[in-house]
Amino acid sequence: MKDALHELLLHALDRLRHDGVLDAPAPAFVIEPTRSREHGDFACNAALLLANPLGKKPREIAEAIVAALPKNHLVERVEIAGPGFINFFLGGAAWHDEIRRVLHEGAQYGHSHAGAGRAVGVEFVSANPTGPLHVGHARAAAIGDTLARLFSATGWKVYREFYYNDAGAQIGNLALSVQARIKGIEPDDARWPADGYRGDYIRDVAKDYLDGATVEAGGERITAKKDPDDLDAIRRFAVTWLRREQDEDLRAFDVAFDVYFLESSLYTDSKVQQVVDRIAAEGHSYEADGALWLRATDFGDDKDRVMRKSDGSYTYFVPDVAYHLSKWERGYKRAITELGADHHGSLARVKAGLQALAIGIPKDWPEYVLHQMVTVLKGGEEVKISKRAGSYVTLRDLIDMAGLDATRYFMIARKSDSQLVFDIDLARSQTNDNPVYYIQYAHARVCSVHRQMHERSIVFEQHKALTHLDRLQGEHARAVMVAISRFPDIVEAAADNREPHLLAQYLRELAGAFHVWYNAEQFLVDDEGLRNARVALAYATRQVLANGLGMLGVSAPESM
RNA sequence: GCGCCCGUAGCUCAAUCGGAUAGAGCAUCGGCCUUCUAAGCCGACGGUUGCUGGUUCGAUUCCAGUCGGGCGCGCCA
């Protein structure tokens, strides 16, 4: 709808330029839904933007533009208002066309081909396999997976990636912790490893190791050796054990990855070495204090960074650079890296490393999405402890307490860069307080109408109904049609700006418009034309709700 | 000290790359069920967008400063 108006305006501007009235390039004008109906349905600011370059009054320019606008059946009338806005009032036909589109395109409505099948890599969660996933990972999983779904819907070929830091010191710590448990050492014991993991799950890993259990994850199948002194065997068993647990939690959260990328593979494939060599060959490194440094300050970082420590091992960010290089080489036109905001310090050095390779990676690649902290609230008090993990609340805790749908919705309902309060009581409440139920209820209501029709043997013929849409009169039905028509724009904006919360907010609004209409008007009336028109609009609403919820990974139940 | 993020109604948050009179929900108060699900709807109340300047036709949005909260500033990850 917006696109159609955009076309009209471009035509008008072209004509003005051709006639010599307009002596400036077309400005980056916007067409946006208006806040108030007095201002029509959509407003355009082109004249305001042209006022300065042309040195004319905006209203004068607006008049010229309006005079040059081609006729279009969607537009009922055009007004110039305020300082020089061009306001479009659309006729019923515009909305009716859109409702027909919804019912024809079905599950595809709101999808686009903007991505043209290009590849986008979305990396998220990327937790160390040293413990259960926590609330932060829950937010990461919801944001990342929703973004992935949004990119899919907008025509991108999406690859979901999970990067395992399976090669660092943390893993050594994990092995030592499990070994301690195997030997019956408790976390408060003096012999407990310095930075050991204290959660109960370590005891479970130890027990399975001693029992000679077999675990499987990431295509790897390992049977425990039972030997308490074989630290390497313990390490491999523990990592696989925890990967399996994380996989299970993610599956329970309805998140699946296409690529599991192991940090350790970057070492075995010499990718880390190659990155360092390449950076050195480009002259962006130097030796000092027995270490090899990246001249990160050449690329906007605030200090230079050590790549190879004096003990010969690499700092963590070098494999990170190698990993992102791998994404680049695998052809990701766009790469999204979703991280907790506490990692933002590492962005500059990874980007510096990628630039130092001098292989033509754009400065704004990859794109980072950072999420802020999550505070969990229950009974009005902050929850900090999980029995299982010890020091933090787990993803599994959230799913158990609030359910999959509520957890996914709440985690993306706020802008990712603002801190989030996750209220368990609200998430599990089955009242209108809870936006998830509110939206799902709207969907279920349409399904209920559908069932009623069957029970009453009312026949609904879509092709006939679609010729009666002009029977939809009144503010309430109109508000629903307007809301429905916004969906494609919302999906596009949410994907382009990497802001899934836009979709969550929108669905709440659409459901609201529907509930108001539902309350005001009876759908299943005797007048066949009117009934068909209303049922068609209800079906269209259900379709959009289902499509939108699907992009959030939230279910659309047929009854509550 | 430096860097990044956030300060919007009592609370939780929106505001579509600078748009017109800043919007929802909750909470509070008052209404609506012999009609398709009341897990709903209607109404009222609620604001100097932390503060001070600047940029312009127009600023919650951009810039500078300031106050408050969070995070980060390792040869840890």
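Order of the sequence lines sets the chain letters (A, B, ...), proteins ahead of strands, with each chain counted from 1.
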Pairwise [atom1] distance for [N] and [M], with rounding to whole Å:
N	M	atom1	result
B:C13	B:G46	C1'	16 Å
B:U28	B:G69	C1'	28 Å
B:U60	B:G54	P	15 Å
B:G30	B:C45	C1'	11 Å
B:C33	B:C42	P	15 Å
B:G25	B:U34	P	25 Å
B:C67	B:G50	C1'	7 Å

task = Please answer whether B:A20 and A:F85 are stacked, defined here as ring centres separated by less than 5.5 Å and planes angled under 30°.
result =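 It does: the ring sits over the base of B:A20.
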Quiz item: When you measure from the side chain of A:H343, which nucleotide among B:C57, B:A77, B:C41 comes out closest?
Solution: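 Ranking B:C57, B:A77, B:C41 by closest atom to the A:H343 side chain puts B:A77 first.
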Open item on the list: Quick check against the 3.5 Å criterion: does A:N497 have a side-chain atom that pairs as donor or acceptor with the backbone of A:E499?
Closed with: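 Looks like no, no N/O pair under 3.5 Å.
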Problem set entry | Geometric class of the A:Y323/A:F261 ring pair [parallel <30°, tilted 30-60°, perpendicular >60°] |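 Taking A:Y323 first and then A:F261, their aromatic rings sit tilted (interplane angle of 30° to 60°).
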* Whole angstrom value for the distance that separates P of B:C5 from NE2 of A:H501 ->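 Those two atoms, NE2 and P, are 16 Å apart.
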inquiry  = Let me spell it out: for each of A:A341 and A:L524, pick the nucleotide of RNA chain B with the closest heavy atom. Which residue's pick is nearer the 5' end?
reply    =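 Per heavy-atom nearest nucleotide, the more 5' residue is A:L524.
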Any strand is fair game: report the nucleotide pairing with B:G1 by Watson-Crick or G-U wobble, both distances under 3.5 Å, or none.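 Partner of B:G1: B:C73.
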### Task
Not counting sequence neighbours, which residues clear side chain to side chain contact (heavy atoms under 4.5 Å, CB included) with A:A194? List them please.
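Checked A:A194 against side chain to side chain contact (heavy atoms under 4.5 Å, CB included); zero matches.
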Once you round to the nearest 0.5 Å, how far does CG of A:L545 lie from CG of A:L510?
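Reported to 0.5 Å precision, the distance equals 4.5 Å.
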Does B:U8 have its OP1 or OP2 closer than 4.0 Å to a side-chain nitrogen or oxygen of A:K415?
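No, A:K415 has no side-chain N/O under 4.0 Å of OP1/OP2 on B:U8.
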